[in-house]
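Here's the structure, in structure tokens; my notes come after.
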Amino acid sequence: MKIFIDTGEINEIREANALGLIDGVTTNPSLVAKSGKPFRALLDEILAIVDGPISAEVISTDCDGILREGRELAKIHKNIVVKVPLIPEGLKAVKIFTAEGIATNVTLCFSASQALLAAKAGATYISPFVGRLDDISTEGMTLIEDIRCIYDNYGIETQILTASARSPMHFVQAAKIGSDVITAPFGVLMQLLKHPLTDIGLQRFLDDAKKIKS
Ligand code: E4P
């Protein structure tokens with residue numbers, strides 16, 4: 001399973017990349033606004049750090065606007081993936097982007113039927129938001145299972161990008177189900193690494209090492 005980091009914070013991207021953890025980056029307008037940087041400048045910084053797919057989201061909601069924005073984004077670098085909302089105008093644009101060879105990440109997916117339609121439009125990635133489903137008392141990971149089953153039934157090549165992941169359990173479940181990719185914030189990636197028995201065990205080894213006769 002590939003791992004993307006879901007952030008607009010350059011320090012987090014740099015650290016996760018140095019740890020060898022990440023294969024790509026996802027951003028969204030909220031994360032870009034939080035970074036305090038202009039969108040283009042932020043993308044340039046990310047592209048200089050990570051050599052992998054970088055999702056950059058359009059903010060138009062009509063097909064012509066999405067196409068205009070997406071083509072500009074795609075021109076920046078071959079690693080840019082145009083992130084498009086899962087709305088009818090978005091799917092029209094995805095079909096055209098696909099014909100033009102522009103990679104897409106269809107975002108804000110909350111149902112298996114939406115995921116099937118995004119795949120039919122030719123989406124490179126589908127981003128089901130599991131955490132936001134959990135937030136409304138729905139089992140988000142069930143959606144990943146459903147999409148995996150449907151895509152496998154028909155040999156669909158659209159990659160499942162588990163998004164809005166909030167915990168190590170989302171991560172483990174996504175891997176068990178066979179999600180192609182997961183994107184998670186820096187904090188969750190760090191939680192994946194931590195285990196109290198690792199820390200306790202290391203401390204004991206270091207303490208005992210002091211007793212070794214020279
Ligand atoms: C996906 O690409 C989104 O950027 C993201 O995962 C949304 O996560 P959130 O629900 O924690 O905002």
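Each residue takes its place number in the sequence, starting with 1. None of the values given here were measured: they were computed from a predicted structure. Both ligands and their constituent atoms are indexed starting at 1 by order of listing.
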Item to check | Derivation and outcome, side-chain hydrogen bond (donor to acceptor under 3.5 Å, both in side chains), residues Gln203 and Asp207 | outcome: CA-CA 6 Å; Gln203 193 54 55; Asp207 291 344; 3.0 Å; yes
Item to check | Point-to-point distance, once rounded to the nearest 0.5 Å, from CZ of Arg14 to CZ of Phe186 | outcome: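 Reported value, rounded in 0.5 Å steps: 12.5 Å.
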Item to check | Value rounded to 0.5 Å, distance of NZ in Lys92 from CG in Asp64 | outcome: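 These two atoms lie 9.0 Å from each other.
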Item to check | ligand 1 atoms in contact with Lys83 (distance to a heavy atom under 4.0 Å) | outcome: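 Listed by number with element: 1 (C), 2 (O), 3 (C), 4 (O).
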Next on the checklist: Can you name the atoms of ligand 1, numbered from 1 with element, that are less than 4.0 Å from a heavy atom of Arg132?
Outcome noted: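 Once the distances to Arg132 are compared, the set is 7 (C), 9 (P), 10 (O), 12 (O).
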Which protein heavy atom lies closest to [atom], and at what distance to 0.1 Å?
atom                    : value
atom 7 (C) of ligand 1  : Phe129 CE2, 3.6 Å
atom 11 (O) of ligand 1 : Arg166 NE, 3.3 Å
atom 8 (O) of ligand 1  : Ser164 CA, 3.4 Å

Checklist entry - Does ligand 1 have an atom that lies less than 4.0 angstrom from a heavy atom of Glu57? => result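 Contact check Glu57 vs ligand 1: negative.
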Checklist entry - Under a heavy-atom criterion of less than 4.0 Å, does Thr107 contact ligand 1? => result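 False for this residue.
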Next on the checklist: For Thr26 and Ser55, which I'm curious about, is there any donor-acceptor pair between the side chains at under 3.5 Å?
Outcome noted: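 No.
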Item to check | Distance-only donor-acceptor check, side chains His170 and Asp134, under 3.5 Å | outcome: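 The answer is yes; a qualifying pair exists.
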Item to check | Asp6 and its side-chain contact (heavy atoms from CB on, under 4.5 Å) partner, picked from Ile182, Leu31, Leu189 | outcome: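 Only match with Asp6 under side-chain contact (heavy atoms from CB on, under 4.5 Å): Leu31.
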Item to check | Contact check: Asp6 vs ligand 1, nitrogen or oxygen atoms, below 3.5 angstrom | outcome: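 There is such a contact, yes.
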